[in-house]
Structure formats: structure tokens, C-alpha cells
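What follows is a set of notes on a single structure, which appears directly below.
Order of listing sets the numbers, starting from 1, for every ligand and every atom in it. What you see is a predicted model, and the numbers here were worked out from it, not measured in a lab.
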Amino acid sequence: MKKRRKLYEGKAKILYATDEPHLLIQYFKDDATAFDAMKRGVISDKGHCNNQISARLFCVLEKNHIPTHFVKRLGEREMLVKRVKIIPLEVTMRNIVAGGMSKRLGLDEGKKLKQPVLEYHYKSDALHDPLINDDHILVLGIVREKELDLIKEMSFKINKVLRRFFGQRNLELVDFKLEFGRFKKRILLADEISPDTCRLWDKKTKQKLDKDRFRRDLGNVKEAYKEVLKRVL
Ligand code: 5GP
């Protein structure tokens, strides 16, 4: 499949057209940003790791009957995906307190939640991705009620599947962010699932193996992404 015109360039990925109107090539960059793009850097080999990790996780989810935009991996940094229209929502699932939840609610990082917590953020750079609830989503017309129910149901199921998958590899799935898109009247999981979008801690040592190593200048960033790749393959 040949890469054609560049359609969109984001902070961590580029989307290219292909000769097939319903398919795009998603290219993973090494660029990293944090704190609303106030912090910028490069994590060498990140694109390669995230492409492989995402491809593996999308396959696991498809096997568990979660529809995704993933078609196939094309090379080191590229995957073929269905051309979805991204829904402007960041869906966050949390199993353990960390990051935004710790700050917002004054809870200690590392506290296990007695049930998974689902959060929505409105995807808007201009508004800095504000936290919103179900009513805001319906009033803003982001999705209809039935679609929101489906997104919620899919998100809880994804959490179950991924927690089990990572757990078997000695990784704690602390939290993660999902994005969904519309494709031919269906809702598909889109974007990526990687150490850029998940918090992953080693189960025994609690070592952080995700983008928090970049956000918090903890060092060994590239090594953390490689370790996750090694465990998921
Ligand atoms: P928090 O709200 O605690 O900052 O993030 C919760 C989870 O969602 C973390 O795993 C984090 O990596 C992911 N996440 C939230 N917002 C973004 C974002 O804008 N970009 C990326 N790559 N991940 C995000």
C-alpha cells in the first residue's frame, strides 16, 4: 500500500492518504509532548515501539470482539487503518489513582480504586481538553445517547481485556486514554494504545514504564518503551 498525500500531522502521529479512499496509513513519530505541549522532546525509537505495541493490542482487542480501526501493520513505524471520523472525546479509564485524578481530587498516587473510573475530556486544544460529563456530551451534540452507551460499554470491556493481558505480563494497567471514531455508521476504537497513552507499572517493583518517565524527567524513557514492547510481543 503506497503512502500518498499527508492529511494530518499531530503531536505523535501523521496520517497519510492511500489509493484506497477508506484506508489511511498511520505513521508513528518519535516526537513527544506533555503538559498541553508546553514540554517537547524526542524519544528515540518511540515510533517504532508504539506502532508495534498498538498493533499487538488492537489484535488482542479484535480477538475479544472490540471493533478497531486497525487493519494491519505495514512496517516499523506504520500501520494501515480504516479512515474514521474521530469523535472529539478523550475517554480515560482509571484503575489506580495517578496523574490528573491525583491532582484534581487530592488523592495519593498509587491508591487502588474499588472500581474502574471512567472520565471524559472534550478534545479541544483551544479549551485545553476540559473534563466533561455525560450531559455535557449530549448537550454539545458530540454523540447521541445510544452511541455514548456503546462507547462506555466498549471502554469498560477494553479495560477488562487489557488489564488481564498486561497482568499476565507483570504489568499493572494504572490508567489509559482512548479515542473512538465513526466508520460507515459504526463506532470503532481508533488512535493508538501505547506507553504514550497508558500508565503501566511493573507489578512487583512499581517502576513506571510509560510516558511519565518523560513527563517527570525520570530517565531511561526509551528503555521503558522497549521493555513494554518486549513484554507484549
Ligand atoms: P491524566 O488525566 O492522569 O493526565 O491521564 C490519564 C491517562 O490518559 C494517562 O495514561 C495518560 O497517558 C493518558 N492521556 C490523557 N490525556 C492524554 C493526551 O492528551 N495524550 C496522551 N498521549 N495521553 C493522554
Side-chain angles (χ1 to χ4, degrees), residues 8-15 26-43 46-47 49-51 53-54 57-58 69 86-113 116-133 151-152 154-156 158-159 161-163 165-167 171-181 189-202 206-218 221-222 224-225 227-228 232:
Y8 167 83
E9 178 158 5
K11 292 164 198 144
K13 295 186 295 297
I14 305 175
L15 290 172
Q26 178 164 262
Y27 175 94
F28 289 75
K29 305 197 284 185
D30 284 348
D31 298 353
T33 62
F35 310 121
D36 218 3
M38 298 292 281
K39 181 178 171 121
R40 289 173 186 273
V42 171
I43 302 169
K46 174 171 84 80
C49 291
N50 283 357
N51 185 37
I53 295 167
S54 283
L57 297 175
F58 281 135
H69 73 155
I86 289 286
I87 295 168
L89 271 186
E90 291 190 348
V91 180
T92 306
M93 289 285 328
R94 300 180 187 274
N95 299 305
I96 294 177
V97 174
M101 186 178 195
S102 166
K103 273 199 207 112
R104 205 176 304 114
L105 301 179
L107 298 170
D108 287 339
E109 185 155 290
K111 183 184 158 58
K112 279 210 164 90
L113 294 162
V117 170
L118 178 93
E119 277 173 13
Y120 305 107
H121 288 256
Y122 181 32
K123 233 171 107 72
S124 159
D125 285 339
L127 298 172
H128 310 286
D129 300 343
L131 181 70
I132 54 174
N133 68 20
I151 287 173
K152 213 181 278 184
M154 283 169 78
S155 301
F156 278 104
I158 291 165
N159 187 40
V161 171
L162 292 185
R163 257 180 116 172
F165 179 82
F166 283 123
L171 288 168
E172 191 84 69
L173 179 59
V174 174
D175 57 30
F176 57 98
K177 184 258 303 181
L178 301 171
E179 292 189 25
F180 294 87
L189 176 65
D191 195 46
E192 67 178 300
I193 315 173
S194 72
D196 267 12
T197 61
C198 302
R199 285 195 174 93
L200 295 163
W201 294 352
D202 181 273
K206 307 292 174 207
Q207 190 191 12
K208 295 183 198 311
L209 294 170
D210 55 61
K211 199 173 162 189
D212 272 351
R213 300 205 74 82
F214 167 76
R215 293 186 186 104
R216 303 179 190 187
D217 295 321
L218 299 176
V221 187
K222 168 178 149 184
Y225 281 70
E227 179 61 28
V228 174
V232 305

Suppose we measure from [atom] to each protein heavy atom; which comes out shortest, and what is that distance?
atom	value
atom 20 (N) of ligand 1	Lys177 CE, 3.8 Å
atom 11 (C) of ligand 1	Arg215 NH2, 3.6 Å
atom 3 (O) of ligand 1	Gly100 N, 2.7 Å
atom 2 (O) of ligand 1	Arg94 NH2, 2.8 Å
atom 19 (O) of ligand 1	Glu90 OE2, 3.6 Å
atom 22 (N) of ligand 1	Asp196 O, 3.0 Å
atom 10 (O) of ligand 1	Asp175 OD1, 2.6 Å
atom 5 (O) of ligand 1	Arg199 NH1, 3.6 Å

Expected output: side-chain [X] to main-chain [Y] donor-acceptor under 3.5 Å:
X	Y	answer
Asp30	Lys46	yes
Ser102	Leu107	yes
Asp129	Ser124	yes
Arg213	Lys208	yes

Suppose I only count heavy atoms of Gly99 and a 4.0 Å limit; which atoms of ligand 1 are within that range?
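Ligand 1 atoms under the 4.0 Å threshold to Gly99: 3 (O).
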For ligand 1, which atoms, with element, lie under 4.0 Å from some heavy atom of Thr92?
6 (C)
More than 12 heavy atoms from other groups under 6.0 Å of NZ on Lys112
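No.
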Structural part of [X] in contact with ligand 1, heavy atom criterion under 4.0 angstrom:
X	value
Glu119	neither
Cys198	backbone
Thr197	both

Do Cys198 and Ile193 touch side chain to side chain, with heavy atoms closer than 4.5 Å?
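The answer is yes; the side chains approach within 4.5 Å.
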Answer yes when Asp210 and Arg199 have at least one side-chain N-carboxylate O distance shorter than 4.0 Å, and no when they do not.
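No, no charged N to carboxylate O under 4.0 Å.
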Between Asp196 and Lys29, does any NZ, NE, NH1 or NH2 come within less than 4.0 Å of an OD or OE carboxylate oxygen?
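No, Lys29 and Asp196 are not salt-bridged.
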Test salt bridge (charged side-chain N to carboxylate O under 4.0 Å, His left out) on Arg216 and Glu109; report intermediate values, then the result.
CA-CA 14 Å; Arg216 303 179 190 187; Glu109 185 155 290; 2.9 Å; yes
